[in-house]
Amino acid sequence: MKVPGIHSFDCTPAEAVRLQERLRQRVVTGGDPGTIRRIAGVDASYEKGENVIYAVVVVLSFPDLAIVERVWTRQETDFPYIPGLLTFREGPALVEAFEDVESDPDVVLFDGQGIAHPRALGIASHMGVILDRPTIGVAKKLLTGTAADPAERRGATSPIVRDGVTIGMAVRTKDRVRPVYVSVGHKIGLEAAVGIVLAADRGYRLPEPTRQAHLYANEVRRTGGRSRESLQTTLMQE
DNA sequence: GCGACAG
DNA sequence: ATCTTGTCGC
(Lines give C-alpha, C1' and ligand atoms only; values in the text may rest on other atoms or scores of the structure.)
Protein backbone atom coordinates (compact mmCIF):
# COMPACT_ATOMS: atom_id res chain seq x y z
CA MET A 1 0.00 0.00 0.00
CA LYS A 2 1.16 3.50 -0.67
CA VAL A 3 1.44 5.30 2.65
CA PRO A 4 1.89 9.04 2.19
CA GLY A 5 4.22 10.24 4.96
CA ILE A 6 2.15 12.89 6.65
CA HIS A 7 4.50 13.65 9.52
CA SER A 8 7.51 12.40 11.46
CA PHE A 9 7.15 10.33 14.60
CA ASP A 10 10.48 11.61 15.83
CA CYS A 11 9.37 13.87 18.63
CA THR A 12 9.14 14.27 22.40
CA PRO A 13 5.98 13.38 24.35
CA ALA A 14 5.12 17.06 24.68
CA GLU A 15 5.45 17.59 20.93
CA ALA A 16 3.42 14.44 20.33
CA VAL A 17 0.51 15.89 22.31
CA ARG A 18 0.61 19.10 20.27
CA LEU A 19 0.70 17.10 17.04
CA GLN A 20 -2.35 15.13 18.16
CA GLU A 21 -4.29 18.31 18.87
CA ARG A 22 -3.51 19.47 15.34
CA LEU A 23 -4.22 16.15 13.60
CA ARG A 24 -7.51 15.55 15.37
CA GLN A 25 -9.07 18.15 13.10
CA ARG A 26 -8.40 15.96 10.06
CA VAL A 27 -10.38 13.01 11.40
CA VAL A 28 -13.67 12.31 9.62
CA THR A 29 -16.16 10.85 12.10
CA GLY A 30 -18.88 9.81 9.72
CA GLY A 31 -19.58 7.83 6.59
CA ASP A 32 -19.84 4.24 5.52
CA PRO A 33 -17.26 2.12 3.66
CA GLY A 34 -20.01 0.70 1.46
CA THR A 35 -19.50 -2.82 0.17
CA ILE A 36 -16.65 -4.47 2.05
CA ARG A 37 -14.59 -7.13 0.29
CA ARG A 38 -11.39 -6.93 2.32
CA ILE A 39 -11.00 -6.16 6.01
CA ALA A 40 -7.66 -5.87 7.82
CA GLY A 41 -6.57 -6.33 11.41
CA VAL A 42 -3.50 -4.75 13.00
CA ASP A 43 -1.54 -5.61 16.13
CA ALA A 44 1.89 -5.45 17.72
CA SER A 45 3.91 -7.72 19.97
CA TYR A 46 7.05 -6.98 21.97
CA GLU A 47 10.23 -8.72 23.08
CA LYS A 48 10.05 -8.65 26.86
CA GLY A 49 13.03 -6.62 28.05
CA GLU A 50 14.12 -5.09 24.75
CA ASN A 51 12.89 -2.19 22.64
CA VAL A 52 11.91 -4.47 19.81
CA ILE A 53 8.44 -4.42 18.31
CA TYR A 54 6.84 -6.81 15.85
CA ALA A 55 3.99 -5.20 13.93
CA VAL A 56 1.63 -7.14 11.71
CA VAL A 57 -1.24 -6.55 9.32
CA VAL A 58 -3.56 -9.42 8.44
CA VAL A 59 -6.02 -8.99 5.58
CA LEU A 60 -9.12 -11.18 5.39
CA SER A 61 -11.90 -11.54 2.85
CA PHE A 62 -15.34 -10.31 3.92
CA PRO A 63 -17.81 -11.55 4.96
CA ASP A 64 -16.29 -15.05 4.89
CA LEU A 65 -13.23 -13.91 6.87
CA ALA A 66 -10.62 -16.11 5.22
CA ILE A 67 -7.02 -14.90 5.56
CA VAL A 68 -5.75 -13.61 2.22
CA GLU A 69 -2.51 -11.87 3.23
CA ARG A 70 -0.23 -11.50 6.25
CA VAL A 71 2.60 -9.01 6.58
CA TRP A 72 5.00 -8.50 9.46
CA THR A 73 7.90 -6.25 10.35
CA ARG A 74 10.44 -6.08 13.17
CA GLN A 75 11.62 -2.71 14.37
CA GLU A 76 13.36 -1.06 17.33
CA THR A 77 11.49 1.60 19.24
CA ASP A 78 12.68 4.51 21.35
CA PHE A 79 9.36 6.00 22.34
CA PRO A 80 8.06 4.53 25.62
CA TYR A 81 4.49 3.43 26.21
CA ILE A 82 2.57 6.40 27.55
CA PRO A 83 -1.23 6.14 27.85
CA GLY A 84 -2.63 8.43 25.17
CA LEU A 85 0.53 8.34 23.03
CA LEU A 86 0.44 4.72 21.86
CA THR A 87 0.65 5.68 18.19
CA PHE A 88 4.06 7.26 18.71
CA ARG A 89 5.35 3.92 19.96
CA GLU A 90 3.72 1.58 17.45
CA GLY A 91 3.07 3.91 14.51
CA PRO A 92 6.48 3.76 12.83
CA ALA A 93 6.44 -0.04 12.68
CA LEU A 94 2.82 -0.10 11.55
CA VAL A 95 3.53 2.27 8.68
CA GLU A 96 6.43 0.08 7.61
CA ALA A 97 4.19 -2.99 7.67
CA PHE A 98 1.43 -1.29 5.67
CA GLU A 99 3.89 -0.33 2.95
CA ASP A 100 4.33 -4.06 2.26
CA VAL A 101 0.61 -4.83 2.11
CA GLU A 102 -0.46 -5.63 -1.43
CA SER A 103 -4.19 -6.06 -0.83
CA ASP A 104 -6.47 -3.07 -0.73
CA PRO A 105 -8.48 -3.33 2.53
CA ASP A 106 -11.79 -1.43 2.59
CA VAL A 107 -11.61 -0.99 6.36
CA VAL A 108 -8.94 -1.56 9.01
CA LEU A 109 -9.46 -2.64 12.64
CA PHE A 110 -6.96 -1.59 15.32
CA ASP A 111 -6.23 -2.92 18.78
CA GLY A 112 -6.90 0.30 20.67
CA GLN A 113 -9.08 3.41 20.67
CA GLY A 114 -10.32 5.55 17.82
CA ILE A 115 -11.81 8.87 18.96
CA ALA A 116 -12.52 7.50 22.47
CA HIS A 117 -9.25 9.16 23.45
CA PRO A 118 -8.26 12.19 25.59
CA ARG A 119 -7.57 14.23 22.45
CA ALA A 120 -9.87 12.25 20.14
CA LEU A 121 -6.90 10.75 18.30
CA GLY A 122 -6.39 7.16 19.40
CA ILE A 123 -4.28 4.86 17.23
CA ALA A 124 -7.19 3.93 14.94
CA SER A 125 -8.01 7.57 14.15
CA HIS A 126 -4.38 8.62 13.83
CA MET A 127 -3.51 5.74 11.51
CA GLY A 128 -6.74 6.33 9.62
CA VAL A 129 -5.59 9.84 8.75
CA ILE A 130 -2.13 8.57 7.80
CA LEU A 131 -3.54 5.79 5.60
CA ASP A 132 -6.47 7.90 4.40
CA ARG A 133 -8.91 5.04 4.69
CA PRO A 134 -11.76 3.83 6.95
CA THR A 135 -10.57 2.56 10.34
CA ILE A 136 -12.19 1.33 13.55
CA GLY A 137 -10.81 1.19 17.08
CA VAL A 138 -11.51 -2.05 18.99
CA ALA A 139 -10.03 -1.80 22.48
CA LYS A 140 -10.09 -4.31 25.31
CA LYS A 141 -10.17 -1.56 27.95
CA LEU A 142 -11.42 2.01 28.21
CA LEU A 143 -8.92 4.84 28.19
CA THR A 144 -11.38 7.64 28.81
CA GLY A 145 -15.13 7.91 29.33
CA THR A 146 -17.51 5.52 31.05
CA ALA A 147 -19.97 2.88 29.87
CA ALA A 148 -22.60 0.81 31.62
CA ASP A 149 -22.12 -2.94 31.29
CA PRO A 150 -24.05 -4.13 28.20
CA ALA A 151 -26.66 -6.89 28.57
CA GLU A 152 -25.01 -10.32 28.81
CA ARG A 153 -26.03 -11.48 25.36
CA ARG A 154 -23.83 -11.22 22.26
CA GLY A 155 -24.78 -8.16 20.28
CA ALA A 156 -25.77 -6.06 23.28
CA THR A 157 -24.32 -2.53 23.39
CA SER A 158 -23.96 0.38 25.77
CA PRO A 159 -22.67 3.85 24.85
CA ILE A 160 -19.27 5.09 26.02
CA VAL A 161 -19.96 8.58 27.31
CA ARG A 162 -17.75 11.51 28.28
CA ASP A 163 -19.09 14.93 29.23
CA GLY A 164 -22.52 13.82 28.10
CA VAL A 165 -21.30 12.96 24.61
CA THR A 166 -21.25 9.45 23.10
CA ILE A 167 -17.69 8.73 21.94
CA GLY A 168 -17.99 5.01 21.33
CA MET A 169 -19.83 1.82 22.17
CA ALA A 170 -19.18 -1.04 24.57
CA VAL A 171 -20.06 -4.13 22.52
CA ARG A 172 -20.71 -7.63 23.81
CA THR A 173 -19.20 -9.85 21.12
CA LYS A 174 -19.73 -13.08 23.09
CA ASP A 175 -22.27 -14.17 25.69
CA ARG A 176 -21.21 -13.45 29.25
CA VAL A 177 -17.74 -12.31 28.23
CA ARG A 178 -16.31 -8.85 28.89
CA PRO A 179 -17.26 -6.37 26.15
CA VAL A 180 -14.85 -4.71 23.71
CA TYR A 181 -14.85 -0.94 23.30
CA VAL A 182 -15.55 0.22 19.78
CA SER A 183 -15.00 3.77 18.60
CA VAL A 184 -14.87 5.52 15.26
CA GLY A 185 -11.41 5.63 13.78
CA HIS A 186 -11.70 7.57 10.52
CA LYS A 187 -14.11 7.92 7.61
CA ILE A 188 -16.88 5.88 9.25
CA GLY A 189 -19.79 6.39 11.61
CA LEU A 190 -20.32 4.61 14.94
CA GLU A 191 -23.30 2.54 13.78
CA ALA A 192 -21.42 1.20 10.76
CA ALA A 193 -18.35 0.56 12.93
CA VAL A 194 -20.31 -1.51 15.45
CA GLY A 195 -22.05 -3.42 12.67
CA ILE A 196 -18.75 -4.30 11.02
CA VAL A 197 -17.18 -5.42 14.30
CA LEU A 198 -20.07 -7.78 14.96
CA ALA A 199 -20.09 -9.04 11.38
CA ALA A 200 -16.35 -9.73 11.61
CA ASP A 201 -16.70 -11.69 14.85
CA ARG A 202 -16.73 -15.49 14.85
CA GLY A 203 -17.66 -16.29 18.43
CA TYR A 204 -14.55 -15.05 20.19
CA ARG A 205 -14.24 -11.92 22.28
CA LEU A 206 -12.15 -10.22 19.59
CA PRO A 207 -13.29 -9.88 15.98
CA GLU A 208 -11.30 -12.07 13.55
CA PRO A 209 -9.11 -9.37 11.98
CA THR A 210 -7.73 -8.24 15.33
CA ARG A 211 -7.68 -11.77 16.77
CA GLN A 212 -5.72 -13.16 13.83
CA ALA A 213 -3.34 -10.20 13.93
CA HIS A 214 -2.70 -10.85 17.62
CA LEU A 215 -1.99 -14.54 17.02
CA TYR A 216 0.28 -13.78 14.08
CA ALA A 217 2.19 -11.05 15.94
CA ASN A 218 3.04 -13.52 18.70
CA GLU A 219 3.95 -16.19 16.18
CA VAL A 220 6.49 -14.07 14.33
CA ARG A 221 8.00 -12.83 17.59
CA ARG A 222 8.51 -16.34 18.92
CA THR A 223 9.71 -17.85 15.67
CA GLY A 224 11.39 -14.88 14.05
CA GLY A 225 8.93 -15.30 11.18
CA ARG A 226 10.59 -18.60 10.31
CA SER A 227 7.64 -20.83 11.13
CA ARG A 228 6.18 -23.19 8.56
CA GLU A 229 2.91 -21.33 8.30
CA SER A 230 4.53 -18.00 7.49
CA LEU A 231 7.29 -19.39 5.28
CA GLN A 232 5.82 -18.04 2.09
CA THR A 233 5.41 -14.52 3.42
CA THR A 234 8.90 -14.65 4.92
CA LEU A 235 10.48 -15.64 1.63
CA MET A 236 8.69 -12.83 -0.14
CA GLN A 237 10.17 -10.29 2.26
CA GLU A 238 13.74 -11.60 2.01
C1' DG B 1 -2.13 16.94 45.35
C1' DC B 2 -4.17 12.18 44.09
C1' DG B 3 -5.67 8.63 41.22
C1' DA B 4 -6.30 6.83 36.39
C1' DC B 5 -4.05 5.31 32.60
C1' DA B 6 -5.32 1.80 25.03
C1' DG B 7 -0.90 -1.57 24.20
C1' DA C 1 2.58 -5.42 25.99
C1' DT C 2 5.30 -9.38 28.80
C1' DC C 3 6.40 -13.27 32.65
C1' DT C 4 3.24 -18.31 33.02
C1' DT C 5 -0.13 -23.97 34.48
C1' DG C 6 -3.62 -25.35 35.96
C1' DT C 7 -8.20 -24.68 36.76
C1' DC C 8 -13.16 -23.22 37.47
C1' DG C 9 -17.29 -22.33 34.65
C1' DC C 10 -20.28 -22.10 30.54
Side-chain angles (χ1 to χ4, degrees), chain A residues 9 13-14 16-17 20 23-24 27 41-58 72-95 97 108-130 135-147 151-154 156 160-163 167-186 193 197 203-207 209-224:
Chain A
F9 279 108
V17 169
Q20 290 183 321
L23 282 179
R24 67 181 295 177
V27 176
V42 177
D43 194 28
S45 173
Y46 300 84
E47 204 68 74
K48 66 171 181 181
E50 309 160 61
N51 309 312
V52 177
I53 177 177
Y54 290 84
V56 312
V57 176
V58 177
W72 66 275
T73 188
R74 178 184 188 284
Q75 196 173 288
E76 286 195 12
T77 63
D78 301 315
F79 210 93
Y81 168 64
I82 299 174
L85 299 181
L86 178 63
T87 313
F88 291 83
R89 180 169 170 74
E90 304 189 342
L94 293 182
V95 168
V108 185
L109 272 52
F110 288 81
D111 208 326
Q113 320 291 341
I115 62 172
H117 175 279
R119 290 167 294 283
L121 197 77
I123 193 165
S125 298
H126 194 152
M127 289 301 297
V129 170
I130 289 177
T135 61
I136 300 172
V138 185
K140 296 182 292 297
K141 296 177 182 175
L142 281 177
L143 173 59
T144 184
T146 58
E152 62 183 34
R153 287 305 190 180
R154 171 192 148 79
I160 299 172
V161 180
R162 184 181 61 192
D163 299 328
I167 56 176
M169 200 73 88
V171 180
R172 188 85 67 187
T173 49
K174 181 177 168 60
D175 291 2
R176 264 164 277 180
V177 168
R178 284 177 298 154
V180 291
Y181 302 92
V182 178
S183 59
V184 168
H186 184 53
V197 167
Y204 290 91
R205 182 185 180 215
L206 299 182
T210 294
R211 194 175 82 85
Q212 291 300 333
H214 187 268
L215 291 172
Y216 189 49
N218 283 316
E219 181 186 316
V220 295
R221 172 170 57 79
R222 295 179 314 222
T223 68

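None of the values given here were measured: they were computed from a predicted structure.
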> What heavy-atom pair brings Pro92(A) and Gln75(A) nearest, and what distance separates the two atoms?
Replying inline: CB-NE2, 3.2 Å
>> In whole Å, I'd like the distance from the OH atom of Tyr181(A) to the C1' atom of dC5(B).
In response: 14 Å
>> Distance check needed: dG7(B) P versus Asp43(A) CG, whole Å only.
In response: 9 Å
> If you look at every strand shown and take non-hydrogen atoms under 4.0 Å, does Leu94(A) touch a base, only sugar-phosphate, or nothing?
Replying inline: nothing
> Among side-chain atoms of Tyr54(A) and Glu219(A), is any donor-acceptor pair under 3.5 angstrom?
Replying inline: no
> Is the distance from OP1 or OP2 of dA6(B) to the nearest side-chain N or O of Lys140(A) less than 4.0 Å?
Replying inline: no
> Looking at residues at least two apart in the chain, or sitting in another chain, which of them share a salt bridge (Lys or Arg N to Asp or Glu O under 4.0 Å) with Arg221(A)?
Replying inline: none
>> What's the closest nucleotide to the side chain of Leu143(A) if the choices are dA6(B), dC10(C), dT2(C)?
In response: dA6(B)
>> The side chain of Lys48(A) is closest to which nucleotide in this list: dA1(C), dT2(C), dA6(B)?
In response: dT2(C)
>> What is the distance, to the nearest angstrom, from the CZ atom on Arg154(A) to the P atom on dC10(C)?
In response: 21 Å
>> With nearest nucleotide decided by heavy atoms, which residue, Arg176(A) or Tyr46(A), maps closer to the 5′ end of DNA chain C?
In response: Tyr46(A)
> Is Gly84(A) touching bases, backbone alone, or none of the nucleic acid, heavy atoms closer than 4.0 Å?
Replying inline: base
> In whole angstrom, what separates Arg222(A)'s CZ from dA1(C)'s P?
Replying inline: 13 Å
> With pairs taken as Watson-Crick or G-U wobble and both distances under 3.5 angstrom, which stems of at least three consecutive pairs involve DNA chain B?
Replying inline: none
> Which part of the nucleic acid, if any, lies within reach of Ile123(A) when heavy atoms closer than 4.0 Å are counted: base, sugar-phosphate only, or nothing?
Replying inline: base
> Whole-Å distance between dG7(B) P and His126(A) NE2?
Replying inline: 18 Å
> Do you know the tightest heavy-atom contact between Ile115(A) and Ser183(A)?
Replying inline: N-OG, 3.6 Å
> Given dG7(B), dT2(C), dA6(B), which nucleotide is nearest the side-chain atoms of Asn218(A)?
Replying inline: dT2(C)
> Side chain of Leu86(A): nearest nucleotide among dC10(C), dT2(C), dA6(B)?
Replying inline: dA6(B)
> Tell me, do Arg153(A) and Arg176(A) make a side-chain contact under 4.5 Å, heavy atoms counted?
Replying inline: yes
>> For Phe79(A) and Phe88(A), take the angle between the two ring planes, folded into 0 to 90°, and tell me which bin it lands in: parallel under 30, tilted 30 to 60, perpendicular over 60.
In response: tilted
>> Without decimals, in angstroms, what is the distance between Arg74(A) CZ and dA1(C) C1'?
In response: 16 Å
> How many Å lie between CZ on Phe79(A) and C1' on dG7(B), as a whole number?
Replying inline: 13 Å
> Between Leu85(A) and Arg119(A), is any pair of side-chain heavy atoms under 4.5 Å apart?
Replying inline: yes
> Under 4.0 Å between a side-chain N/O of Tyr81(A) and OP1 or OP2 of dA6(B), yes or no?
Replying inline: yes
>> From the set dC5(B), dG7(B), dT2(C), return the single nucleotide nearest to any side-chain atom of Arg221(A).
In response: dT2(C)
> Has Thr144(A) got a side-chain N or O lying under 4.0 Å from the OP1 or OP2 atom of dA6(B)?
Replying inline: no
> Are any of the side-chain heavy atoms of Glu90(A) and Met127(A) separated by less than 4.5 Å?
Replying inline: no
> Are OP1 or OP2 of dA1(C) and a side-chain N or O of His214(A) less than 4.0 angstrom apart?
Replying inline: yes
> Between dC3(C), dA6(B), dG7(B), which nucleotide has the shortest distance from any of its atoms to the side chain of Pro83(A)?
Replying inline: dA6(B)
> Nearest-Å distance, CD1 (Ile136(A)) to C1' (dA6(B))?
Replying inline: 17 Å
